[in-house]
Amino acid sequence: MHPSPVQGLGGFATRPIARGTRVIEYTGERITHAEADARYDDARMPRHHTFLFTVDRLTVIDAAVGGSAARFLNHSCEPNCAPVVESGRVYIETGRDIRPGEELTYDYAYGREGGADEEQAEHYACRCGARRCRGTLLSPRRSRGG
Ligand SMILES: [Zn+2]
């Protein structure tokens, strides 16, 4: 294994990273959606703040339990990385060349099904500062099946 090209809270590149590089796998405990719902009661949190990644209809990865540093990557509406799901595993892949010191981000694009709706807008408010920030961590409407 190479040393991680990602360092620190927020996930900063420690060296140049070429476009299309899988920089880190998003790991953690693999649980069901029901278990995730039981663990985290969104309605009781002032802001959405968990380390969950939805793999598919059956599986959620809870990176709070033995998860990799991928859980520290922040959301951006204009991200430089994107998650790639392959055979049930999740990798964070760069969408362009990254310079040392750049923060790696990806679009959380939380699904709107399962109760993540407009009524909870403040839970999912985005303040990423991108020029085209859409103001929410929720996925753009109907863009990502799921
Ligand atoms: Zn944003």
Side-chain angles (χ1 to χ4, degrees), residues 4-31 33 35-86 88-146:
S4 172
V6 180
Q7 181 180 66
L9 295 180
F12 293 84
T14 58
R15 58 174 185 260
I17 306 173
R19 176 181 180 173
T21 301
R22 291 182 177 181
V23 289
I24 193 165
E25 182 176 358
Y26 196 105
T27 60
E29 187 180 3
R30 302 176 73 88
I31 58 177
H33 287 264
E35 173 63 20
D37 290 344
R39 281 184 192 182
Y40 304 103
D41 183 355
D42 247 15
R44 289 167 55 183
M45 290 189 264
R47 291 200 65 208
H48 187 76
H49 184 73
T50 64
F51 294 125
L52 298 177
F53 190 102
T54 297
V55 180
D56 54 31
R57 290 177 189 281
L58 296 177
T59 306
V60 179
I61 294 175
D62 186 355
V65 184
S68 68
R71 69 186 187 280
F72 298 126
L73 267 55
N74 284 317
H75 163 92
S76 173
C77 294
E78 290 184 329
N80 51 23
C81 295
V84 177
V85 180
E86 190 174 284
R89 296 172 70 175
V90 179
Y91 305 90
I92 305 298
E93 185 172 300
T94 53
R96 61 169 172 77
D97 292 343
I98 308 290
R99 298 184 303 275
E102 268 196 88
E103 182 175 6
L104 304 181
T105 57
Y106 67 97
D107 188 339
Y108 286 5
Y110 290 128
R112 290 174 181 271
E113 69 285 347
D117 58 29
E118 309 312 312
E119 294 177 13
Q120 297 172 292
E122 190 54 29
H123 285 294
Y124 299 95
C126 181
R127 300 174 180 89
C128 74
R131 264 174 299 131
R132 290 185 295 171
C133 178
R134 62 178 184 269
T136 177
L137 304 180
L138 298 178
S139 60
R141 291 190 170 283
R142 295 184 231 304
S143 69
R144 185 182 289 195

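In listed order, ligands and their atoms are each counted from 1. Please read all numbers here as calculations on a predicted model, not as lab measurements.
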*Please test Asp62 against Arg39 for side-chain contact (heavy atoms from CB on, under 4.5 Å), starting from the C-alpha separation and ending with a verdict.*
CA-CA 10 Å; Asp62 186 355; Arg39 281 184 192 182; 2.9 Å; yes

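- When all heavy atoms of Leu137 and Ala125 are compared, the pair lying nearest together is CG-O, 4.2 Å.
- Applying the side chain to side chain contact (heavy atoms under 4.5 Å, CB included) criterion to Glu102, with sequence neighbours excluded, gives Asn80, Arg96, Ile98, Arg99.
- Listed by chain and number, the protein N, O or S atoms at a distance under 2.8 Å from the Zn ion (ligand 1) are Cys77 SG, Cys126 SG, Cys128 SG, Cys133 SG.
- Residues His75 and Tyr106 fail the side-chain proximity criterion, which asks for heavy atoms closer than 4.5 Å.
- Within a 6.0 Å radius of CZ in Arg22, other residues, nucleotides and ligands contribute more than 12 heavy atoms.
- A distance-only check finds a donor-acceptor pair linking the side chain of Thr136 to the backbone of Leu138 [under 3.5 Å].
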